[in-house]
2 protein chains.
Amino acid sequence: MLTTERKALLMAALDKDGRIIAKEFSRKLDVSEDTIRRDLRELASEGLLQRVHGGALPASKALADLSTRGNVSADDKTEIGKIAAAMVKEGQIIFLDGGTTTARLARALRKDISLTVVTHSPDIASALIDHSRVEVEAIGGRIFKHSNVAIGAVAIEAISRIRADIYFMGVTGIHADYGLTTGDREEAAVKRAICSRSAETIALGSREKLGSVSAYSVVDFGVIDSVVVSKRCPEELLIPLRTKGVQIMGRST
Amino acid sequence: MLTTERKALLMAALDKDGRIIAKEFSRKLDVSEDTIRRDLRELASEGLLQRVHGGALPASKALADLSTRGNVSADDKTEIGKIAAAMVKEGQIIFLDGGTTTARLARALRKDISLTVVTHSPDIASALIDHSRVEVEAIGGRIFKHSNVAIGAVAIEAISRIRADIYFMGVTGIHADYGLTTGDREEAAVKRAICSRSAETIALGSREKLGSVSAYSVVDFGVIDSVVVSKRCPEELLIPLRTKGVQIMGRST
DNA sequence: TAATTTCACGCACGTTATTGCGCGATTCGT
DNA sequence: ACGAATCGCGCAATAACGTGCGTGAAATTA
């Protein structure tokens, strides 16, 4: 049984059944579960399927995709959202990035708080519909499907007309040497534009972001004022950041 | 049964029925109620649904409107959405209004169709995330909470830079004498702006809209090209419109 | 051909996730 | 206000996970 052959069988089965259960295939193909898991991991890293506990699902299942993405360190993100929400003061103008962590922040805002939220994420805009005293200013532009935010020249132009008190930035990588990074060039450009229009920038860093690096640099430390992390976050991940003079928030509370 | 799969089923059921009853799913999927409750709790913490005693409901009112249960002329809207979606041709640029009927239109679009959708509704933008070949252009501006669409000068300015093939307009009133009307002055202004930038304007009229009038006039017949109605719609409601020379679509199919 | 490298695989181990159940608290319907 | 249904939480058993390591086969090199 060739590796490639086995992977092809896995993909075919996924296509047919809409799901793969690792254990089943282990028996069916008479290889160890580890091997199947390895295969699935590799196929997942190629984006051909979506790895889940117990097996795999099609990659295209946006629903499964979204819920899984949100599930990575979910408690972390909720906590960070709460901490960040507590930093917001009545009457401020804040900019909220797209992403699951900022979505938590939006939900963690007091229902009766009165402020202005600017966002280029349709999801964030929709999430704030229940906050009757929160004025929402949506930034338009071409929607980047991967993260569901508006990007491009139109978005950047619209951002340049805004002035915010705080920008809560979501990134995919926070690294002492490489600064803040994200997976898309245009998204990075938008984040930079927002930075330059905000009095204060605060990055939200759930555990898996710390110490990791993505393809495109957003800004270096120094541009951002602080990083919010959860209490759960191991101290050793923070040490490199502290040496860079980054203010860490949410630890001592 | 994979955990993720179960969650996906829950979301699908919520989408379809507009509610989830924990006990029912416990039996249907043959797992304990605790497991369902846990799933629901987790999905709720991700903002994907709203937890209630006994089960769960859609996360937001907007999403609740999309479910077929407990909605005014829901089937009507679904049917109209399908008819309108069938009018869209590959490669076109279409403008989608906010509202539940246009949301159904968006859902009714073929998953593999390739076109550009312009919208000032965050909900519509989010709804199209699964349509990987649909390019979404979001119009920014101040969000009008009542209908959750971008309005104001910023929105109108952004609209003025777009040129669309078809505008699918949602209104709250369609009346032979008063034309098309809606409940907000600024929303009416936005609709007019979109009209003027679209080669063709098609109004979507679920049954309860026909013959009713709202406070603010959008446009008169003559500006719009046709009205889509459902088969269920009583003929007598249409007679006044026919005398005005409005083209009625979706009846003879 | 013999030595060496590369690779796939399975196994063991410690870690994490999932699940059902019991319990006391909360909420709902009457 | 009261009984019943539902809830959240902690616990323990089980399943699944990732990783490091050893083995042996295949490929490469000398």
Side-chain angles (χ1 to χ4, degrees), chain A residues 1-11 13-14 17 19-46 48-57 64-79 82 100 107 206-212 230-234 236-237, chain B residues 1-11 13-14 17 19-57 59 70:
Chain A
M1 170 69 54
L2 268 42
T3 306
T4 318
E5 199 179 347
R6 198 175 49 239
K7 284 187 183 176
L9 283 174
L10 285 167
M11 289 308 295
L14 181 60
D17 302 336
R19 120 193 83 179
I20 288 173
I21 289 160
K23 195 174 192 176
E24 280 182 9
F25 262 80
S26 167
R27 277 189 291 108
K28 195 179 302 185
L29 303 182
D30 199 37
V31 288
S32 76
E33 285 185 46
D34 301 70
T35 304
I36 298 294
R37 278 201 289 267
R38 240 186 296 254
D39 291 342
L40 293 180
R41 239 176 293 159
E42 282 159 23
L43 289 168
S45 79
E46 291 166 43
L48 295 171
L49 51 75
Q50 229 240 322
R51 190 76 175 82
V52 298
H53 200 94
L57 292 172
D65 185 53
L66 274 184
S67 87
T68 308
R69 207 190 307 176
N71 234 339
V72 180
S73 45
D75 296 339
D76 241 36
K77 290 179 179 174
T78 303
E79 192 189 325
K82 280 181 189 165
T100 53
R107 217 167 317 122
S206 54
R207 205 182 327 178
E208 86 278 8
K209 313 285 176 63
L210 295 170
S212 72
S230 74
K231 268 173 277 188
R232 258 175 290 270
C233 180
E236 59 264 29
L237 286 177
Chain B
M1 170 68 52
L2 302 168
T3 306
T4 318
E5 204 180 5
R6 197 177 50 238
K7 286 187 184 176
L9 283 173
L10 285 167
M11 289 308 294
L14 182 60
D17 301 336
R19 69 175 163 170
I20 288 172
I21 290 160
K23 198 174 192 174
E24 279 183 10
F25 264 81
S26 168
R27 277 189 294 106
K28 196 180 301 184
L29 303 182
D30 199 37
V31 289
S32 76
E33 283 185 48
D34 295 76
T35 303
I36 299 294
R37 277 203 289 267
R38 236 186 297 255
D39 290 343
L40 294 179
R41 242 175 289 158
E42 281 161 21
L43 290 167
S45 90
E46 289 161 39
L48 296 171
L49 52 75
Q50 181 194 341
R51 190 76 174 83
V52 295
H53 206 91
L57 292 173

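Naming convention: chains lettered A, B, ... in sequence-line order (proteins, then strands); numbering from 1 in each chain. Atom set for the values below is all heavy atoms of this structure, side chains included, hydrogens, waters and symmetry mates excluded.
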Nearest to the side chain of [X], which nucleotide is it out of [options]?
X	options	answer
A:Val31	C:dG10, C:dG20, D:dC7	C:dG10
B:Asp34	D:dC9, C:dT18, C:dT27	D:dC9
A:Arg41	C:dG10, C:dT27, D:dG18	D:dG18
B:Arg38	C:dT27, C:dG20, C:dG10	C:dG20
B:Thr35	C:dG20, C:dA17, C:dC9	C:dG20

Atom pair distance, as rounded to whole Å: [atom1] in [X] and [atom2] in [N]:
X	N	atom1	atom2	answer
A:Arg37	C:dT16	CZ	P	16 Å
A:Leu40	C:dA8	CG	P	16 Å
B:Asp30	C:dG20	CG	P	9 Å
A:Leu2	D:dA25	CG	C1'	13 Å
A:Ile20	D:dA16	CD1	P	15 Å
B:Glu33	C:dC23	CD	P	17 Å
B:Glu42	D:dC9	CD	P	12 Å
B:Arg6	D:dA15	CZ	C1'	14 Å

Problem set entry | Short side-chain N/O contact from A:Lys23 to OP1 or OP2 of D:dA16, under 4.0 Å | yes
Exercise. Would you say C:dT19 has OP1 or OP2 under 4.0 Å from some side-chain N or O of B:Thr3?
Worked result: yes
For this session: Evaluate the criterion side-chain contact (heavy atoms from CB on, under 4.5 Å) for residue pair A:Val52 and B:Thr3; output intermediate values, then yes/no.
Result: CA-CA 8 Å; A:Val52 298; B:Thr3 306; over 6 Å; no
Do the side chains of [Y] and [X] get nearer than 4.5 Å, heavy atoms only?
X	Y	result
B:Leu43	B:Arg51	no
B:Met11	B:Leu49	yes
B:Arg37	B:Asp34	yes

Exercise. CG/B:Leu57 to CG/B:Leu14 distance, rounded to the nearest 0.5 angstrom?
Worked result: 7.5 Å
